Amino acid sequence: MSTAIVWFRQDLRLADNPALHAAIEQCEQIIPVFIDETSGNSGLLPSESSASHVWLHHALNNLQQRLLEKGATLIFRRGDALECLQQLQQETGATHLYWNRRYDPVGIGCDTAIKQQLSDACEVRSFNASLLSEPWAVLKKDGTPYRVFTAFWKMKRQLGFPELPLPEPASPFKGIKQNPESLSLDDLGYLPQIRWDKGMMEYWKTGELAAHDVLENFLNEQVPDYKTKRDFPASPATSQLSPHLHFGTISPRQILNRAEAFLAENPGAETGVQCFLSEVGWREFAYYLLYHFPATTSESLDKRFTAFPWRDPEEYQTDLIRWQQGQTGFPLIDAGMRQLWATGWMHNRVRMIVASFLTKNLLIPWQEGESWFRDTLVDADLASNTMGWQWVAGCGADAAPYFRIFNPVLQSEKFDKSGEYIRHWVPELRNLTDKTIHQPWTSDAKVAYPTAMTDLKASRVRALERFGVIKNATSPA
DNA sequence: TGCCTCTTTGA
DNA sequence: CAAAGAGGC
């Protein structure tokens, strides 16, 4: 009797799940398992109070139900993954252990050790479920990894994405035997004790079927005008797929496949579809960079930045808190930070603007911003978050030049001209005029709203001066 | 996927 | 003197 343990991690779906698919094809019994590793190592997942754990809870709940409909019970365990899997294998006499790969340094180390330790007891195999192609498959002619997105994406597309998405497995699974011991989903404790999560989750639909609804709706309603409308934070023009991609309730292969089919039927959507797919490409690039430069989760890729004169923590602490709480006195920044707090998500252009403000106008290290985003985003993703923050700070791959400093007032006037986004998230400003709402200090109206926490002109000059310190330093490693 | 300053242009 | 372009950070 062959029995496969299928270890679910960030691939919480039934369709296009290569590990599950292979297990069903090759084995008579399937034991799906999810392990809460947060108490064991690792820094793999955000802290326990974070927004993305709430999302994870709901995604797991959905997966558990979907598996049950197929006749399989999802087993929950907690602790060190190696110990949990060793024990589960011994309890069940499993002959196979299958999972889909992860690409963060801690995860790779963990998985490598498990493969070594358990290979004597059973057949251990891993698969690619979360990238269009593997990070090690795309290299420059000299064998080193790309550091520039356009060259990377061009080569990656040129090499091709041979695999089509796999279908959902036929129901029911073969020969499920008596279930091993399991914690309940609630035991994992991903929901907070104080239930702040309910308001946030009103903004989201979780689960595999919902992810495909979100994609279909985006393709039909938004993608034709994606390139122009995606920059305006009041417009619902973005895909909203980021948390689904993070937890794998949809795969990039499924997205690519569906987007290409949509394009074939809607040739007019060419520009929008290509622009959207290049955003999927940026996600691939983020995972690629994380794989090839694992130290960048905590250190700047551009080594000149190790000497960058950020402000000291004791000096910037109160400024950091004002930024986190959306009390900077700059309406667009505060709107973004409050949207993040309320919904677990922030529009991408606003992410760039608040990040530029933190790292440049406030001279607070990008790691502080990355850490806050990791705690508060439902789509918190080590790869994308690391790349994004380093890109803005000017210390990463293909980074924005350091002198590219966003002016939150000008960006607000340009991308939220009517003030719709600001009025929604900073309601105390809603009665200001379309002109003064971007800079409340020019209005005569009395509103309870913070004074701008920094002089934009002076802090911009200060940032440019500090850049001079590292500009001529030794070239990047 | 930046912003500022200075200069030129044309009314 | 508004608008547009060039160049620098």
Side-chain angles (χ1 to χ4, degrees), chain A residues 146-154 222 225-235 237-239 242 271-272 274-286 289 301-302 304-305 307-309 328 330-333 335-336 345-363 366 369-370 373 379 384-417 421 435 438-439 452 454-473 475-476:
Chain A
Y146 287 94
R147 286 166 178 250
V148 176
F149 171 73
T150 45
F152 161 81
W153 185 229
K154 190 180 165 192
Q222 304 297 344
D225 297 319
Y226 179 70
K227 193 174 166 80
T228 50
K229 289 192 181 167
R230 67 186 185 131
D231 268 328
F232 298 89
S235 155
T238 61
S239 77
S242 52
T271 307
Q274 291 306 337
C275 185
F276 172 58
L277 289 179
S278 91
E279 294 302 321
V280 178
W282 274 98
R283 177 181 174 278
E284 298 279 316
F285 193 44
L289 293 169
L301 178 64
D302 183 337
R304 291 176 303 173
F305 275 80
F308 189 84
T328 68
F330 294 99
L332 186 63
I333 305 274
W345 186 87
M346 194 195 304
H347 186 276
N348 186 58
R349 171 155 289 275
V350 189
R351 292 191 198 196
M352 293 192 287
I353 297 165
V354 302
S356 169
F357 184 75
L358 187 81
T359 56
K360 294 173 180 178
N361 297 96
L362 298 182
L363 288 173
W366 64 265
E370 192 277 336
F373 271 28
D379 63 35
S384 297
N385 209 24
T386 299
M387 180 189 70
W389 275 94
Q390 295 213 31
W391 185 90
V392 171
C395 61
D398 207 1
Y402 191 80
F403 51 77
R404 188 176 288 166
I405 299 169
F406 289 80
N407 180 321
V409 175
L410 293 181
Q411 288 285 312
S412 186
E413 288 168 344
K414 193 169 173 185
F415 295 107
D416 190 36
K417 196 168 173 41
Y421 180 73
K435 187 170 167 57
H438 307 290
Q439 32 191 335
T454 185
D455 180 81
L456 290 178
K457 193 172 176 178
S459 57
R460 177 177 179 273
V461 169
R462 180 178 65 167
L464 289 170
E465 281 169 3
R466 299 224 182 173
F467 176 58
V469 174
I470 62 157
K471 189 174 62 175
N472 300 316
S475 58

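Being a predicted model, the structure only gives us computed values, none of them experimental. Because only heavy atoms are used, hydrogens play no part in the values below, and waters and symmetry mates are left out as well, while side chains stay in.
- Residues from residues 348-360 of chain A placing a heavy atom under 4.0 Å of any atom in DNA chain B, listed by number, are A/R349, A/M352.
- No side-chain donor-acceptor contact under 3.5 Å links A/H438 to the backbone of A/P408.
- Listed by chain and number, the residues in a side-chain hydrogen bond (donor to acceptor under 3.5 Å, both in side chains) with A/R349 are A/D231, A/Q411 (sequence neighbours excluded).
- A/K229 pairs by the side-chain contact (heavy atoms from CB on, under 4.5 Å) definition with A/D225, A/S235, A/A237, not counting sequence neighbours.
- Between the side chain of A/W153 and the backbone N or O of A/W282, no donor-acceptor pair lies under 3.5 Å.
- Here the side chain of A/S356 pairs no donor or acceptor atom with the backbone of A/M352 at under 3.5 angstrom.
- The footprint of chain A on DNA chain B, defined by a heavy-atom cutoff below 4.0 Å, extends from B/dT1 to B/dT5.
- By the side-chain hydrogen bond (donor to acceptor under 3.5 Å, both in side chains) test, A/R466 pairs with no residue at all, sequence neighbours left out.
- Here A/K227 pairs with A/T271, A/C275 under the side-chain contact (heavy atoms from CB on, under 4.5 Å) rule; sequence neighbours left out.
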